[in-house]
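In what follows, chains are A, B, ... by sequence order, proteins preceding strands, each numbered from 1.
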Amino acid sequence: MLIEQFNPLEDKMIQVMDENGEIVNADLMPDLKSEEILELYKTMLKARTIDSAALSLQRQGRLLTYAPNLGQEAAQVGSGYALKKTDWAVSAFRELGMWLIKGWTIEKIFQYWYGSEWGSHFGEEIRLLPISVPISSQLSHAVGIAMAAKFRGESDAVIAYTGDGGTSQGEFHEALNFAAVYKTPNVFFIQNNQFAISIPSSKQTASKNLAVKALAYGMPGIKVDGNDVFAVLAVTRAALEYAIKEGPVLIEAYTFRMGAHTTSDDPSKYRTDEEVEPWKKRDPMLRLEKYLLQNDLLKEADIEHLKTSFQEEAMAAYQSIEHTSDTEIEEIFSHHYAEMTPQLEEQLADYLAFVERSQR
Amino acid sequence: MLIEQFNPLEDKMIQVMDENGEIVNADLMPDLKSEEILELYKTMLKARTIDSAALSLQRQGRLLTYAPNLGQEAAQVGSGYALKKTDWAVSAFRELGMWLIKGWTIEKIFQYWYGSEWGSHFGEEIRLLPISVPISSQLSHAVGIAMAAKFRGESDAVIAYTGDGGTSQGEFHEALNFAAVYKTPNVFFIQNNQFAISIPSSKQTASKNLAVKALAYGMPGIKVDGNDVFAVLAVTRAALEYAIKEGPVLIEAYTFRMGAHTTSDDPSKYRTDEEVEPWKKRDPMLRLEKYLLQNDLLKEADIEHLKTSFQEEAMAAYQSIEHTSDTEIEEIFSHHYAEMTPQLEEQLADYLAFVERSQR
Amino acid sequence: MSNKINIVQAVQQALYNEMTLDETVVVYGQDVGVEGGVFRATVGLQKAFGSERIFDTPLSESAIVGSAVGMAINGFKPVVEIQFMGFIYPAVNQIVSHVSRYRNRTRGERHLPMVIRAPYGGGIRALELHSESTEAMFAHIPGLKVVIPSTPYDTKGLLISAIRDPDPVLFLEPKRIYRAFRQKVPEDAYTLPIGKAKIVKEGEDITVVTWGAMVPDVQKAVSTIDDISVEIIDLRTISPMDRETIVESVQKTGRILVVHEAAKSFGAGAEIVSVVNEKAFLSLEAPPTRLTGFDTIFPLPRGEKHYLPTPERIAKKIREIAAY
Amino acid sequence: MSNKINIVQAVQQALYNEMTLDETVVVYGQDVGVEGGVFRATVGLQKAFGSERIFDTPLSESAIVGSAVGMAINGFKPVVEIQFMGFIYPAVNQIVSHVSRYRNRTRGERHLPMVIRAPYGGGIRALELHSESTEAMFAHIPGLKVVIPSTPYDTKGLLISAIRDPDPVLFLEPKRIYRAFRQKVPEDAYTLPIGKAKIVKEGEDITVVTWGAMVPDVQKAVSTIDDISVEIIDLRTISPMDRETIVESVQKTGRILVVHEAAKSFGAGAEIVSVVNEKAFLSLEAPPTRLTGFDTIFPLPRGEKHYLPTPERIAKKIREIAAY
Ligand SMILES: Cc1ncc(C[n+]2csc(CCOP(=O)(O)OP(=O)(O)O)c2C)c(N)n1
Ligand SMILES: Cc1ncc(C[n+]2csc(CCOP(=O)(O)OP(=O)(O)O)c2C)c(N)n1
Ligand SMILES: [Mg+2]
Ligand SMILES: [Mg+2]
C-alpha cells in the first residue's frame, strides 16, 4: 500500500517522527514493542559510539582510512532492522549501523579498517556482502542473489546500498533495470547524504529527487526522512514485503553526512558551517532520544551508561585485534584460487626464501 | 510548449498523421511547404530504395553484413530533417535516412557496409559521427560535443541515436545524467523498433515506455509515433529548440523493425508473422504516400519513376565503389597516431618485405 | 557413445550435459534463450531446460556479469555469454574488481563458480569490434583463469571443467573455426584439466606455441615443411599458463616461435618468451620469436586478410628460426 | 625562472601553464574543481580559470571519458581525471572502443587530442582498488599512448606534451612519490618527448629498466652496490616503448633486469624481455629477468609491505644476474 501509493514526482518525503520526537504520522508508525524501540536506539547509539571511537583511533594512527557515519545512523539502523535473518544485505561502504545488525562484529569491522582482508571473513552464514569499493558495482550482485533466491522459491529479499553519488554510475542503472525485468526481490537503498566527497547532490543529478529514478525502471520509488528511524524502518519493511511479492523497490533515505567523507578528507574545502548547521537539529539520535524520554522508555542517566558501555565494548574489540600480527606471507598467495597456481607457488617460495635469508 | 506539456507517465504518444494519411492533430503539423513535404517523402523513398538495394547486394555477396532499415524511415528522416546544417548527429548504426540528410553519401555508406574504413571518412565538415558499434557508447560523445558547443556559446544542438536495447546500457544512463546536469543542447533519440536482435522491448525493461526514463534525469521525455514523419519532425524540432535553450530532451520514436536485425539474422526464430502483420498497415511510407496522393502532391506514376531513379542512383553508387581495391597495406598501419610508432613502422616494413618476396 | 561435432556444437553439448547433471547450472545472456544464440551455441537448451534455467537478458554486459557474481554467491553456477569478446569491455569493472577478487577479498570464505563465455578472434569478415582477441588483458588479472580451446573435443572437456571449477573462468571460443571441422566427441560429460597445454605434434627442431583459431593455421604451415621437425603446442589455457610443457619442449628443441592473433606488443606471446628466458635460457639456440597480429586495430574486412598470420608467413618464420 | 616542486605540484603547474596558453584546454573529473582534487593536483585552477574550464562531474567514469571524446571532436583538448587508476575500469569500453580508435575508424579524418590522468600504484596503505598498476592492459591497446613519469621535471614536461599531442594519452601518475621529493623545474611550459626513455644512470655491467615510483627504489638499491656498474633506465613511456634505448643499453651490458609494481605474468616486463630477445639476443650474457609484483591482488595495508619489490630485493637480484 505505502509502496504503491507514494508518488516521487510530488517530491515529498515520508516522516513518522519529527525533529522533536513527536509522532506526526501514527498510521505509519511501525508496530514495535518497547524493547524493540530501545533496541533500535541502542544499535544507533552503539554505531555512533563505535564511529567516534574509530575516528579517534584513526587519528592516533591505530586505524587506517576510515569512512565516518555520523548523522546517518537512522538510515542504516532503520533499514537494517527491517531485515529478517535470512534476508541478504549488500554493502557499499558506509553502513556501520546495518552491519552491526547483520552480525559483522566490531572486531572484524575494525580489522577491515585496519587494513586486513580478514575483516571481510565474517562467516558465510552471515548474509552480508563485504564492502564494495567501486561505487555502485555491488548492486548487480544483489540482483544475482535475488535471482537465485527467487529461482529456488525462497522468500528472502535482498537489500543493497549505495549513495547519492552512486546513482550516477552506469552500473546503478543496469542493476535496477535487470531487477525490474526479472521482478526480483530487491530493495535498493540510497543513503542520500547530500555529498559524494565534495560534490553536492545538486551537481550529481538534475532530477527532482533520487526516488524518482525508479520510474525509469517501472518500479516504485519512495523518499523517506533518513534521519527518522521509524520512517526508515516502516518504509524498508514495506519495501521488502513488496519486493518479495511484486518486485524491486527503490528507497531514497534523505540524510546528511555530518563528518568528513573519509579520514583523508577535509570538508571545509567545499562546504560551509552554515550548510551543516540546520542538520544538527535534525540529528537522528537526538530525535529518538526525545521520543524515548518523552515516553519514559529511557532516563538521561541510561544514555551515559550505555555510551560508556559501548565505548568499552568498542575499545575491547579494538584491543583484541590491535596486536594481531600483519598479514602472513602465505595468505597473500593462497586465496586466489582453490589451488595455488604453479606461478603463485613459485613466487611464494622465492619470496619466502628471500625473507628467510635476510633474517639470518 | 509541446516538450514541457507532454507527460510520458500517461503512456500516450504524439501523432500528427494517422495510418490513412489523415492529419489528426493539425496543431502540431509542422509548417512545411509542398516541396519540403515532397523532400521528406523522397528522402524516405530513397532510404527505402537504397536499403532494399543493399539487401539484395548483400545476398549476392557484394556487400558484407548489413543492418536493414525497413519500416523505420519516418523516424530517421523526420528526425534528420529537423536538424540544421551546423547541428551535429551522432549515429548508432541504423539511421540510413538521417545519414542521407546529413550528407553521408551513398557511395561512402556502401563502402562502410562493404568493409572499408574509408566509408567513415566522409568529410570533417559533415557534422555526423560514424557508426558506433558498442551499443549506446556513442551517447556520451554527443554530450561532449554539446558541452563544447555550449562553452563556445554556439547555438547548435546535437542529436544522438540509440535503440530500445540501447536503453539498458549503463552508458545510456551516464550520458543522459551528464547532459541533464550540464544542461547541454542534446536530444537523445531512441528508435524503439520493438526488438534488440531477438529480445522484445517487453523483456528489455519493465518501464511503461522508454520516454519515461527521462524523468530519472529531470529532463523532458516524449513518445512519438515513429512511423509518422510529421510527428517525428515536429517533436524533434521542438526538442532541438528546447535543448538549445533549456537542456536535453529524450525522444522515444515508436516504430518497428520490419526486417531482420542484420543480414546474419533470421527473425523467424523469435517472432511470428502475426506479430509483424499489424505493423504493415502502419508503414510510414504508405501513410505519407496516402497523404501526398490525397493532397495532390504526388501521382502514382511519380512513385515508380522516383523508385527507379533512386534504384539507379544506388546501383551507380555501388558500382563506383565495387571495384575499388581492398585496403592498402600502409593504411592499416598509418592511421593509429599522427606519426607511426617505430613498432608500426617495423611491422609494416617486415610485412611489405614478405609480400614483395612472395609475389616474386 | 560419441558423435561427430564441431566446436560450436561442443559448446552446446557441454552446456547440455552440465545442465542435465547439475541443476545449479544456469545459462544466460543476450539472445541465448529463445533464439539459441547468435552463433547457435545455446540452441535447443531453452526447450530442454525451460526459461528459468536458460534465459535472455537486457543489453547490459556489466549487469550480466555482476548478477552472475551474485548468483554464484547464492548457490548457482552461472554460465553467462558475452555476445562477442569486443563487447566484454563494459563488464571489465565487474571482472577486474569483483569476479577475480571475491575469494581473496573474503579470505576464501566466498568464491565464485562462474563462467564467462565469449566468441573471440578475427577473420570472419565482420564489423568493427567483432574480431578482438585481447586475452592478454584478462590473463594479467590475478584471480581469473583464461581458457581458449581449439578443437571440439577440447572445447567440451574444458568447458565442463570450467563450469565445475570453483573459481571464475573466462572461456574464449575461437569463432573463426566454430564450424571449421568435426571431431568424434563422447556424448557424455568429461573433463580436461585447465592449466595444461597439449602437444599437438611432437618434433625435435623447433617449438611453436599457439592457441585458438591459429592452431589449424600452424598445422597447415607445418604440413608444408618436411625438412624441419616442428613441435606444436596448443596452449589451451592462457592463464595460468602451463610453463612446464613449453619449457620442456624448448629444452629439447632450443627454438621457439609463438603465434597469436592479438597485437604483438604486450600480448600473451611476450609472457611466453619471458618464461622461456627465465626457465630455458641456456637451451636457446635462436631468439624466441613472436609472429602475431600487428600493433593495429583489427582491420575491417577489406583489409582483414593482411592482419592474421597466414600459414605461409608461419612457415617462413619457422624456416628463419630453424636456420638461425 | 624555476621553482622547487614535487610531482603533484608539477601536474598542477603543467595544467596551469597549458590552460593559460591554450584556451581549448579544459580539465574535469570528480572533485577536481571546488576541492582541487583528492590529491590536490588541480588546486587553485578553478579560481584561476573559472568553473567553465575546470569543473566537477557526476560519479561516472565512462561519461567522463566519453564526453571527452566528444569535446575533443568538437575543438577542445580535454584533460580528464580518473580519481584512482582502480576506477578506470568502468571507462575501459570508452578507452578501447573509442578513444584509441577514432583516428583509424575515420581514416585520420577525426582524431582525439585528449589526456586521461590517473594516480596509479601502491604502497600508500590504501583501501582495495587504490593501489593498482595495470598499465600493461592499456599498453596493449593499439592507438593509445601510455606515459608514466617519475620526477617532477619529467611529469611537467611529459604532461604538457600529452596535452599537446594530437592523439590520446593515458597519463599515469605515481602517487606513492607524489610528494616524495622536490626538484627545480622551469616555471614556464616546456615539453619532453613521449616515447623516449631516460638513462637515469649510466653503467656497464647490467641494465635495469623501471618506471614510476619504482625508479627511486631502484636508485636506492643501486646506491648500495659498489662493485657492479648498473645502468638505470626510466622507461617514462610504456607505449609506444622506446626499444632503442633499452636495446642499446643491453648490447653494452649484456644483462637486464626489469622492475615493476604490477603483477608479473603478462605485465609490461614481459614485453621488455621479448624486445631484448628479438633485438639483442646475441648480446645476452644472462637471462633477462623480471622482478615485479606478485601474481596476486595488491594486499590490503597489513600485507602491503610484502608486495612491492624493495631496494633489498632489487639489489639482491642485480647481484644474482651480474654473477650469472
Ligand atoms: C567507480 C568509483 N569511482 C570513484 C570512487 C572514489 N570515491 C569513493 S567514495 C566516492 C563518493 C561516493 O559518494 P556517494 O555515493 O554519495 O556515497 P557517500 O560517500 O556519500 O556515502 C568516490 C567518488 C570509487 N570508489 N569508485
Ligand atoms: C555493448 C554491445 N553489446 C552487444 C552488442 C551486439 N548487438 C548489436 S546490435 C544489438 C541489438 C541492439 O538493439 P537496439 O538497441 O534495440 O537497436 P536495433 O538493433 O533494434 O536498431 C546487439 C545486442 C553490441 N553491438 N554492443
Ligand atoms: Mg553521498
Ligand atoms: Mg531495437
Side-chain angles (χ1 to χ4, degrees), chain A residues 88 90 116-124 126-127 129-134 137-152 154 156 158 160 169-171 173-182 184 186 327 331-344 346, chain C residues 23-24 26 28 52-53 55-76 78 80 90-91 93-94 96-98 100-111 113-114 142-145 165-168 194-195 239-244 275 278-279:
Chain A
W88 289 78
V90 174
S116 167
E117 287 84 355
W118 284 111
S120 302
H121 178 279
F122 39 64
E124 225 192 316
I126 293 180
R127 295 195 154 183
L129 295 198
I131 281 178
S132 166
V133 168
S137 59
Q138 69 279 6
L139 300 178
S140 56
H141 308 168
V143 179
I145 291 175
M147 285 161 78
K150 188 177 172 176
F151 291 173
R152 276 198 302 261
E154 295 163 359
D156 298 323
V158 186
Q169 278 285 341
E171 306 218 54
H173 176 75
E174 294 197 8
L176 269 70
N177 187 55
F178 241 63
V181 166
Y182 297 122
T184 49
N186 280 109
T327 305
E331 284 165 28
I332 294 174
F333 293 83
S334 52
H335 296 292
H336 285 71
Y337 304 95
E339 279 177 52
M340 247 192 257
T341 64
Q343 281 80 351
L344 287 170
E346 181 184 282
Chain C
E23 63 178 24
T24 69
V26 292
Y28 60 98
E52 289 258 300
R53 293 192 55 207
F55 53 91
D56 291 316
T57 66
L59 217 168
S60 321
E61 284 78 8
S62 161
I64 290 172
V65 173
S67 63
V69 169
M71 288 201 90
I73 285 173
N74 198 7
F76 281 81
V80 296
N93 190 36
Q94 284 297 329
V96 176
S97 305
H98 293 297
S100 62
R101 285 170 174 259
Y102 240 98
R103 183 185 281 278
N104 186 62
R105 177 179 297 151
T106 61
R107 278 292 175 260
E109 197 165 77
R110 297 200 187 278
H111 62 98
M114 60 182 277
L144 196 66
K145 294 178 183 172
D165 199 294
D167 291 306
I194 290 175
S239 174
M241 187 184 286
D242 178 357
R243 300 177 303 174
E244 227 176 310
V275 162
E278 284 161 5
K279 307 264 174 215

*Identify which of Met71(C), Arg107(C), Met241(C), Glu244(C) forms the greatest number of heavy-atom pairs closer than 4.5 Å to chain A.*
Arg107(C)
*For Leu176(A), is it the side chain, the backbone, both or neither that has a heavy atom under 4.5 Å from a heavy atom of chain C?*
neither
_Taking every non-hydrogen pair under 4.5 Å, which of Thr57(C), Val26(C), Val275(C) racks up the most with chain A?_
Thr57(C)
_Leading residue by heavy atom contact count with chain C [cutoff under 4.5 Å; candidates Ala175(A), Gly170(A), Ser132(A), Gly123(A)]_ = Gly123(A)
*asked:* Once ring-ring contact (aromatic ring centres under 6.0 Å, His included) is applied, do any residues pair with His336(A), and if so which ones, sequence neighbours excluded?
replied: none
*Under 3.5 Å: donor-acceptor pair, side chain of Tyr337(A), backbone of Leu144(C)*: yes
*Are any of the side-chain heavy atoms of Gln94(C) and His141(A) separated by less than 4.5 Å?*
yes
_Contact leader toward chain A among Arg243(C), Glu61(C), Lys145(C), Arg53(C), where contacts are heavy-atom pairs under 4.5 Å_ = Arg243(C)
*Minimum-distance pair of heavy atoms, taken over all atoms of Ala338(A) and Asp167(C)*: N-OD2, 2.6 Å
_chain C contact via Leu139(A) - side chain, backbone, both or neither, heavy atoms under 4.5 Å_ = neither
*At their closest point, which heavy atom of Glu109(C) faces which heavy atom of Ser120(A), and how far apart are they?*
OE1-O, 4.0 Å
Show the atom names and distances, to 0.1 Å, of all donor-acceptor pairs under 3.5 Å that link a side chain in residues 142-151 of chain A to residues at least two apart or in another chain.
unit_1    : atom_1 : unit_2    : atom_2 : d
Lys150(A) : NZ     : Tyr182(A) : O      : 3.0
Lys150(A) : NZ     : Lys183(A) : O      : 3.1

_Is Glu346(A) close to chain C through its backbone or its side chain, or both, or neither, when contacts mean heavy atoms under 4.5 Å?_
side chain
*Pro130(A) side chain near Thr106(C) side chain, heavy-atom distance below 4.5 Å*: yes
*So, the side chain of Glu124(A) versus the backbone of Arg110(C): is there a donor-acceptor pair under 3.5 Å, distance only?*
no
*Starting at CG of Asn74(C), measure out to CH2 of Trp88(A) and round the result to the nearest 0.5 Å.*
4.5 Å
*asked:* Quick check: closest heavy atoms across Ser60(C) and Glu174(A), and the distance to 0.1 Å?
replied: CB-OE1, 3.2 Å
*Looking at Ser62(C), Pro240(C), Gly108(C), which makes the most heavy-atom pairs under 4.5 Å with chain A?*
Ser62(C)
*Which of the residues Val181(A), Leu129(A), Asn177(A), Val133(A) is involved in the greatest number of heavy-atom pairs with chain C at under 4.5 angstrom?*
Leu129(A)
*What residue, out of Ile64(C), Asp165(C), Thr24(C), Val65(C), has the most heavy-atom pairs lying under 4.5 Å from chain A?*
Ile64(C)
_Contacting moiety of Pro166(C), where chain A heavy atoms sit under 4.5 Å_ = side chain
*Minimum side-chain heavy-atom gap His98(C)-Pro134(A) below 4.5 Å*: yes
*Sort out for me which of His111(C), Glu52(C), Arg101(C), Glu23(C) touches chain A most, counting heavy-atom pairs under 4.5 Å.*
Glu52(C)
